[in-house]
S.K.: 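Here it is, the structure, as structure tokens.
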Amino acid sequence: QVQLVESGGGKVQAGGSLRLSCAASGRTFSSYAMGWFRQAPGKEREFVSAISWNGAGTYYADSVKGRFTISSDNAKNTVYLQMNSLKPEDTAVYYCASAWSVSTVAGAYDYWGQGTQVTVSS
């Protein structure tokens, strides 16, 4: 059974940083793409970032480009999202997800974590 477990969320002031982690089990991590999505209250889930199975390709939403960095450690079956220069509009529940191939579309991902809350105060 595939499990994705996020951690690292919390409360931070604007301009601060957080690093989210997503630990995967139950599938060969290095063979799948991983993505981060977020959902703010009253809004639809939106793409944040994704990384290809070999780590060679990384993708970002325009709203986080230059501030967030996605990376993976296949030995640890873990994907990370380093978030710098956080803004109040980054406040959301952040989810990691796994897919057969990298995509910016939530429907392409077949396994999801439970989410971790990120709150950025002004």
S.K.: If I compare all heavy atoms of Ser121 with all of Pro88, which pair ends up nearest, and what's the gap?
M.R.: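 Shortest heavy-atom separation between Ser121 and Pro88 comes out as C-CG, 4.5 Å.
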S.K.: Answer yes if the side chains of Asn84 and Ser17 hold a donor-acceptor pair under 3.5 Å, and no otherwise.
M.R.: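 Looking only at side-chain atoms, Ser17 and Asn84 do form a donor-acceptor pair, the distance falling under 3.5 Å.
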S.K.: Step by step, would you call Leu4 with Met34 a side-chain contact (heavy atoms from CB on, under 4.5 Å)?
M.R.: CA-CA 10 Å; Leu4 303 176; Met34 297 295 293; 4.0 Å; yes
S.K.: Under the 3.5 angstrom rule, does the side chain of Ser52 hit a backbone N or O of Gly57 as a donor-acceptor pair?
M.R.: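 Pair found, side chain donor or acceptor close to backbone of Gly57.
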S.K.: Under the criterion side-chain contact (heavy atoms from CB on, under 4.5 Å), which of Ser71, Ser98, Cys22 is the partner of Val79?
M.R.: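 Among the candidates, only Cys22 passes.
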S.K.: I need the Gln82 CD to Ser21 OG distance, nearest 0.5 Å.
M.R.: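 With rounding to 0.5 Å, CD (Gln82) is 9.5 Å from OG (Ser21).
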S.K.: Report yes or no: does Arg67 contribute a side-chain atom to a donor-acceptor pair with the main-chain N or O of Ser85 at less than 3.5 Å?
M.R.: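 Present.
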S.K.: In terms of hydrophobic clustering (I, L, V, M, F, W, Y; side-chain heavy atoms under 4.5 Å; direct or indirect links), are Val2 and Trp36 co-clustered?
M.R.: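 The answer is yes; both residues are in one hydrophobic cluster.
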S.K.: Kindly indicate whether a cation-pi arrangement holds for Arg38 with Tyr95, taking the cut-offs as under 6.0 Å to the six-membered ring centre and within 45° of the axis.
M.R.: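 Checked: cation-pi criterion not met.
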S.K.: Hydrophobic clusters here meaning ILVMFWY residues chained together by side-chain heavy-atom distances under 4.5 Å, can you tell me if Leu20 and Val93 are in one?
M.R.: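 No, because Leu20 and Val93 fall into different hydrophobic clusters, even though each may have its own neighbours under 4.5 Å.
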S.K.: Give the minimum heavy-atom separation between Gly35 and Tyr109, together with the two atoms involved.
M.R.: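 Minimum heavy-atom contact is N-CE2, 3.6 Å.
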S.K.: Using atom types as modelled and distance alone, determine if a side-chain donor or acceptor of Ser103 lies under 3.5 Å from a backbone N or O of Val105.
M.R.: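 It does hold such a pair.
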S.K.: Is the backbone of Ile70 close enough, under 3.5 Å, to the side chain of Tyr60 for a donor and an acceptor to pair up by distance?
M.R.: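 Yes, Tyr60 side chain to Ile70 backbone: donor-acceptor pair under 3.5 Å.
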S.K.: Around Lys65, counting heavy atoms of other residues, nucleotides and ligands shown, do more than 12 lie under 6.0 Å from its NZ?
M.R.: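 More than 12 heavy atoms, drawn from other residues, nucleotides or ligands, come within 6.0 Å of this atom.
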S.K.: Can you classify the ring geometry of Phe37 versus Phe47 as parallel (below 30°), tilted (30 to 60°) or perpendicular (above 60°)?
M.R.: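 Perpendicular.
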S.K.: Kindly give the heavy-atom pair with the smallest separation between Val102 and Ala50, and that separation in Å.
M.R.: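 The pair with the smallest heavy-atom distance is CG2-CB, 3.6 Å.
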S.K.: With ring pair (Phe, Tyr, Trp, His ring centres under 6.0 Å) as the criterion, how do Tyr32 and Tyr111 come out once you've worked through the C-alpha distance, each side chain's angles and the decisive distance to 0.1 Å?
M.R.: CA-CA 11 Å; Tyr32 294 86; Tyr111 289 99; 8.5 Å; no
S.K.: Taking atom NZ of Lys11 and atom CG of Leu86, what is their separation to the nearest 0.5 Å?
M.R.: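 Lys11 atom NZ to Leu86 atom CG measures 15.0 Å (nearest 0.5 Å).
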S.K.: Is a side-chain N or O of Glu6 found less than 3.5 angstrom from the main chain of Gln114, in a donor-acceptor match?
M.R.: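 Looks like yes, one N/O pair under 3.5 Å.
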S.K.: Show the nearest heavy-atom pair for residues Ala14 and Ser122, with the distance to one decimal.
M.R.: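 Looking at all heavy atoms of both residues, the closest pair is CB-CA, 4.3 Å.
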S.K.: Nearest 0.5 Å please: distance from the OH atom of Tyr80 over to the OG atom of Ser7.
M.R.: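 Tyr80 atom OH to Ser7 atom OG measures 9.0 Å (nearest 0.5 Å).
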S.K.: Do Thr78 side-chain atoms and Asp73 backbone N/O form a donor-acceptor pair below 3.5 Å?
M.R.: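 No; zero donor-acceptor contacts below 3.5 Å.
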S.K.: Could you check whether any side-chain heavy atom of Met83 comes within less than 4.5 Å of a side-chain heavy atom of Asp90, counting everything from C-beta outward?
M.R.: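 Heavy-atom side-chain distance check fails, nothing below 4.5 Å.
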S.K.: Please test Thr91 against Gln117 for side-chain contact (heavy atoms from CB on, under 4.5 Å), starting from the C-alpha separation and ending with a verdict.
M.R.: CA-CA 8 Å; Thr91 295; Gln117 176 71 46; 4.0 Å; yes
S.K.: In Å, rounded to the nearest 0.5 Å, how long is the span from CD1 of Ile51 to CG of Leu81?
M.R.: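 The CG atom of Leu81 is 10.5 Å from CD1 of Ile51, to the nearest 0.5 Å.
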